[in-house]
There are 2 protein chains.
Amino acid sequence: METQTPAPEARLLVVEDEPNIRELLATSLRFAGFEVETAGDGATALALAEEGEPDLVVLDVMLPDVDGFEVTRRLRDRGRQQPIVFVTARDATGDKIAGLTVGGDDYVTKPFSLEEVIARIRAVLRRTRGGADEGSTLRFHDLELNEDSHEVRRGGRVIDLSPTEFKLLRYLLLNPNRVLSKLQILDHVWDYDFRGESGIVESYISYLRRKIDADGPSLIHTKRGVGYVLRVPPELTTV
Amino acid sequence: METQTPAPEARLLVVEDEPNIRELLATSLRFAGFEVETAGDGATALALAEEGEPDLVVLDVMLPDVDGFEVTRRLRDRGRQQPIVFVTARDATGDKIAGLTVGGDDYVTKPFSLEEVIARIRAVLRRTRGGADEGSTLRFHDLELNEDSHEVRRGGRVIDLSPTEFKLLRYLLLNPNRVLSKLQILDHVWDYDFRGESGIVESYISYLRRKIDADGPSLIHTKRGVGYVLRVPPELTTV
DNA sequence: AAGTTTGCTGGGAGATTCCTGAGAACGTGA
DNA sequence: TCACGTTCTCAGGAATCTCCCAGCAAACTT
């Protein structure tokens, strides 16, 4: 549902000891178009990385046996240069995190939102693979969102969004012309431990509309009883 | 009677502890062209999923032994990647049903309508199987209904429908050129606990006609004493 | 032709869903 | 410390939807 690409986008290795989080990541990453293997500890991770040659590793820094840094060091010692997206606790100290991002690597903090993880992984792959870096801008009609610069424009005019507004709009832009239920939006845009009601989605849709549907024709439409959909008004489709 | 495809569309496992609901689901899903196995508790469900390898699991989250989430986790632990359509109570609080839609999975709330369940199952299968994603549009004459965008058009012109109108039209579109009785429509389109009279069907047929048969030639025809049928007027069939 | 049955549709009450402003709680940086 | 932006909740009101009813129209029966 995240993506329309049918061919596997990349091969990932997910290393995470909490089964629930591991399966959450594996399931949604598979659905996003990735090929996914999983490991619950550092030793298994190293073995799988050795034989599987994944394109990228999603690595929790807190593991039961060896920690993520040690896994990284051993990987590098063996000449493996795969980029890594680290998963850390939110309260991890700043300098530790800073040390993580030296290469093309990146990190996300627990609890994360699925959209955030997927976006980071794609960004890292984009950077390390080099090539045409045109995957960084999402467009729909006269709306564009750049994932690198975090810049959003409607018809050329720059629009300032809060972090949550940005993530919500990115999710909508990844699923144009598809109705997304409020629960679906909650599951993808908000952190996995969010326990609030779906009324929060209504609020943020309202904020977004105020900012991006202010002048031009509305792109965000309500499907009462179903959800929201990003769509170009019919009278404009033939223009 | 739901579908014209003669070969089994997919193999389903229905897990539901209330016998009435279980049989209602099993019977109508079989009639819709699916091959169906049933289980009344989580343990049986896991055993059947193990040996039967169903393409999709319809899973009530309230079970006598282990709950649906636990069943899901154990399924995933064993490497089973079947998509799941969850069945939940309508008043389930947000935290209970969180995370249900992440892997392409979906959910329906009790009491549901059969059309809703079947539509969700087909949508999930469509998405997870990937392939040509053109199965999301139902067409008849110059009428089309898209299940992803929830958009309905007659001759290109967009038509706005309420949720019930949408479900009714979808049911008609799934059974073109077949007379559907009011009782049949009631049983498929309305929730299974609806206790109203079939006069409500007349009302909604009237609403639908006003919206989709407004300009073009009528597609919805009354078979007095029998029911309604979606049909192209004879003088147009050769055009 | 009259009577009977069946279907159509306008009106409206009540329920549901959605929108949005107001404000509390929180963290961040000046 | 204070100001500010952000997240999230809540509640009133608006918009829409569901459902029922009743009167009328159409079709069928005798």
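Given the structure is predicted, the values throughout are model-derived calculations rather than measurements. Chain identifiers are assigned alphabetically (A, B, ...) following the order of the sequence lines, protein sequences preceding nucleic acid strands; residue numbering begins at 1 within each chain.
In this structure, S162(B) does not reach the dC17(D) phosphate: none of its side-chain N or O atoms is under 4.0 Å from OP1 or OP2. Contact check, R224(A) against dC17(D): no side-chain N or O comes under 4.0 Å of OP1 or OP2. Contact between the side-chain N/O atoms of T164(A) and the OP1/OP2 oxygens of dT6(D) is not found at any separation under 4.0 Å. A sub-4.0 Å separation between OP1 or OP2 of dC19(C) and a side-chain N or O of S206(A) is absent. When the side-chain nitrogen and oxygen atoms of R195(B) are compared with OP1 and OP2 of dC19(D), none of them lie within a distance under 4.0 Å. Dashed line: the shortest gap from a side-chain N or O of T222(B) to OP1 or OP2 of dC8(C) is under 4.0 Å.
Taking every side-chain heavy atom of P163(A) into account, dT7(D) is the closest of dT7(D), dC21(D), dC8(D). Side chain of Y204(B), nearest nucleotide from dC17(D), dT18(D), dC10(D): dT18(D). For W190(A), taking side-chain heavy atoms from C-beta onward, the closest of the listed nucleotides dT9(D), dC8(D), dT18(D) is dC8(D). Listed nucleotides dT6(D), dC20(D), dT9(D) differ in distance to I200(B); the shortest reach to its side chain belongs to dC20(D). Taking the side chain of K182(A) as heavy atoms from C-beta on, and the options dC18(C), dC19(D), dT20(C), the nearest nucleotide is dC18(C).
Straight-line distance from the CG atom of L161(A) to the C1' atom of dT6(D): 13 Å, rounded to whole Å. Atom CZ of R209(B) and atom P of dA25(D) are 17 Å apart (whole Å). Taking atom CG of L168(A) as the reference point, atom P of dT6(D) lies 15 Å away to the nearest angstrom. For Y207(B) and dC19(D), the OH to P distance is 10 Å, given to the nearest whole Å. The distance between atom CG of L186(B) and atom P of dG7(C), rounded to the nearest whole Å, is 14 Å. Residue E197(B) contributes atom CD, which lies 13 Å from atom P of dA22(D) at whole-angstrom precision. Between the CD1 atom of I220(A) and the P atom of dT20(C) there is a distance of 11 Å, rounded to whole Å. Atom P of nucleotide dT16(C) and atom CZ of F194(B) are separated by 14 Å, given to the nearest angstrom.
Ring-plane geometry between H188(A) and Y171(A) is classed as parallel, the angle between the planes falling under 30 degrees on a 0 to 90 degree scale with a further cut at 60. Ring geometry for H150(B) versus F166(B): interplanar angle under 30°, hence parallel rather than tilted (30 to 60°).
Side chain to side chain, N177(A) and S149(B) fail the donor-acceptor criterion of an N or O pair below 3.5 Å. No side-chain donor from either of S113(B) and D191(B) sits under 3.5 Å from a side-chain acceptor of the other. Judged by distance alone, the side chains of T222(A) and R209(A) do bring a donor and an acceptor atom under 3.5 Å apart.
Within 4.0 Å of F166(A), counting heavy atoms only, lies no atom of the nucleic acid at all.
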